[in-house]
Amino acid sequence: MSRRDIVPDGYRTEGGLVTLGPEALRLRGELDRIFAGWGARAGADAIGYPPLIPAGDLTALDYWENFPHLALPVAGVREDARKGLVVNAEHPVIGHGALSDAGHVLPSSACYPVYPGLAGTVVEDATLISTVANCFRNETHFDGLRRLMGFTMREVVFLGTREHVLDRGAEFKRFTVEFAAALGLPVEVRAASDPFFDTNGKRSLMLSLFPAKEEVVHGGSVAIASVNFHRNFFGERCGIRTGDGEYAFSGCIGWGLERWLHALIDQFGSVEKALGALDATVRE
């Protein structure tokens with residue numbers, strides 16, 4: 001069996017899940033290495049978080065108000081339901097009546113564990129954290145590499161003063177746009193809505209004066225990266241402060257690695273050609 005026979009087109013998707021062949025896996029790994037490298041050169045600490053998030057940790061982040069539709073809870077099979085449990089081609093699901101209460105959820109973004117993990121701490125005025133995670137979203141529909149149930153996200157989180165967070169966000173956005181240009185990948189930066197901020201009152205006015213979320217978009221519709229400015233929302237909610245006693249500001253940039261694969265394959269026609277374009281760009 002040749003390498004191509006394992007995954008004939010380089011990757012395949014089914015039901016919102018993707019299988020990557022050797023070349024596509026290498027392409028994703030090279031992209032992550034580049035994004036992680038930007039964080040390392042900026043002084044980010046690389047941290048690996050648990051693969052599950054306690055459901056209660058997300059309450060302080062207003063997750064259950066803003067994103068309950070995306071959540072994929074993790075539940076065990078109840079002891080009294082284990083005997084006689086039938087899951088096969090005719091009955092391909094485990095009914096909710098057989099499941100125990102869910103105390104954890106799969107992460108829908110890589111940065112969510114960062115803020116509860118820093119709860120009650122004092123951070124330096126210029127703190128950066130780099131992390132990568134398998135993320136999961138209960139979307140209404142799935143669409144190839146563009147919209148998956150399970151995907152990989154690299155993020156760099158900025159914490160500290162307002163100036164530091166804004167400067168780092170602008171810097172990493174510039175890295176991303178310049179990298180796309182070097183690849184010959186057409187993108188545009190668009191302002192996007194941020195559900196963490198109220199639609200009324202002072203925060204709404206602040207949002208109209210200064211966008212809290214920007215997306216780097218390929219093909220007019222696929223956001224391959226997003227830059228987020230949270231102000232001191234997570235600092236307040238999690239009790240994260242700077243050395244002067246003020247609540248820390250925070251922001252982040254996230255790169256959806258499978259969406260980058262989509263953009264590169266869409267631009268160059270195949271996994272192999274996309275990998276060649278990336279290799280040529282890195283060598284320059």
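Predicted, not measured: the structure shown is a model, and the values here were computed from it. Values below: all heavy atoms of this structure, side chains included; hydrogens, waters and symmetry mates excluded.
Contact check for Tyr115 versus Phe233: no side-chain heavy atoms found under the 4.5 Å cut-off. For the pair Thr59 and Asp57, the minimum side-chain heavy-atom distance is 4.5 Å or more. Within the 4.5 Å cutoff, no side-chain heavy atoms of Phe172 are placed close to those of Asp167. Ser109 is listed as a side-chain neighbour of Met153, based on a closest heavy-atom distance under 4.5 Å. Counting heavy atoms from C-beta outward, Leu25 and Tyr11 have side chains that stay 4.5 Å or more apart.
For the pair Thr131 (side chain) and Ile47 (backbone), a donor-acceptor distance under 3.5 Å is present. In this structure, the side chain of Ser250 does not engage the main chain of Phe158 through any donor-acceptor pair within 3.5 Å. Of the possible donor and acceptor atoms, none in the side chain of Arg154 sits under 3.5 Å from a partner among the backbone N and O of Phe35. Formation of a donor-acceptor pair under 3.5 Å by the Asp32 side chain with backbone atoms of Arg28 is not found in this model. A donor-acceptor pair under 3.5 Å is absent between the side-chain atoms of Thr13 and the main chain of Gly16, judged by distance alone.
Considering every non-hydrogen atom in both Trp64 and Ala71, the closest pair reads CZ3-CB, 3.6 Å. The nearest pair of heavy atoms linking Ala133 to Ala110 is CB-CB, 3.8 Å. Pairing each heavy atom of Ile53 with each of Pro107, the nearest pair is CD1-CB, 3.7 Å. Nearest heavy-atom pair, Ala182 versus Thr281, reported as atom, atom and distance to 0.1 Å: O-OG1, 3.7 Å. Ala75 and Leu99 get closest at one heavy-atom pair: CB-CB, 4.2 Å. In terms of heavy atoms, Asn66 sits closest to His69 at O-CE1, 3.3 Å.
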Where do Arg241 and Glu246 land on the salt bridge (Lys or Arg N to Asp or Glu O under 4.0 Å) test, with the steps shown first?
CA-CA 5 Å; Arg241 297 179 183 270; Glu246 297 295 321; over 6 Å; no
side-chain contact (heavy atoms from CB on, under 4.5 Å) between Leu128 and His164: does it pass, once the steps are laid out?
CA-CA 10 Å; Leu128 286 85; His164 161 69; 3.4 Å; yes
Just do the side-chain contact (heavy atoms from CB on, under 4.5 Å) check on Leu145 and Ile265 with the steps written out, would you?
CA-CA 10 Å; Leu145 293 171; Ile265 295 167; 4.2 Å; yes
Derivation of the salt bridge (Lys or Arg N to Asp or Glu O under 4.0 Å) call for Glu214 and Arg190:
CA-CA 5 Å; Glu214 292 180 299; Arg190 295 180 180 176; over 6 Å; no
Stepwise side-chain contact (heavy atoms from CB on, under 4.5 Å) test for Leu72 and Met149
CA-CA 10 Å; Leu72 284 165; Met149 180 188 298; 4.0 Å; yes
How far apart are the C-alpha atoms of Asp266 and Arg146, what are their side-chain angles, what is the distance that settles it, and do they pass the salt bridge (Lys or Arg N to Asp or Glu O under 4.0 Å) test?
CA-CA 11 Å; Asp266 179 63; Arg146 293 178 288 272; over 6 Å; no
In sequence, state the C-alpha distance, the side-chain angles, and the governing distance for Val114 and Phe234, and then conclude on side-chain contact (heavy atoms from CB on, under 4.5 Å).
CA-CA 10 Å; Val114 174; Phe234 292 124; over 6 Å; no
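Salt bridge status for Arg168 with Glu171: present, with a side-chain N to carboxylate O gap under 4.0 Å. Of the charged side-chain nitrogens involved, none lies within less than 4.0 Å of a carboxylate oxygen, so that Arg26 and Glu23 do not count as a salt-bridged pair.
A donor atom on one side chain and an acceptor atom on the other are not found under 3.5 Å apart for Glu155 and Ser130. Tyr63 and Ser108 share a side-chain donor-acceptor pair at under 3.5 Å.
Glu79 CD: 12 or fewer foreign heavy atoms inside a 6.0 Å radius. When the shell of 6.0 Å around NE2 of His96 is examined, it contains 12 or fewer heavy atoms from other residues, nucleotides or ligands. In this structure, Glu30 places its CD atom where more than 12 heavy-atom neighbours from other residues, nucleotides or ligands lie under 6.0 Å away.
Qualifying salt bridge (Lys or Arg N to Asp or Glu O under 4.0 Å) partners for Asp101, counting only residues two or more places apart in sequence or in other chains: none.
Under a hydrophobic clustering in which Ile, Leu, Val, Met, Phe, Trp and Tyr are joined whenever their side-chain heavy atoms come within less than 4.5 Å, directly or via other members, Leu20 and Leu31 fall into the same cluster.
Proximity of the aromatic rings of Trp255 and Phe175 is defined here by a centroid distance below 6.0 angstrom, and this criterion is not met.
Cation-pi geometry between Arg231 and Phe249 is not satisfied (NZ or CZ under 6.0 Å from the ring centre, within 45° of the ring normal).
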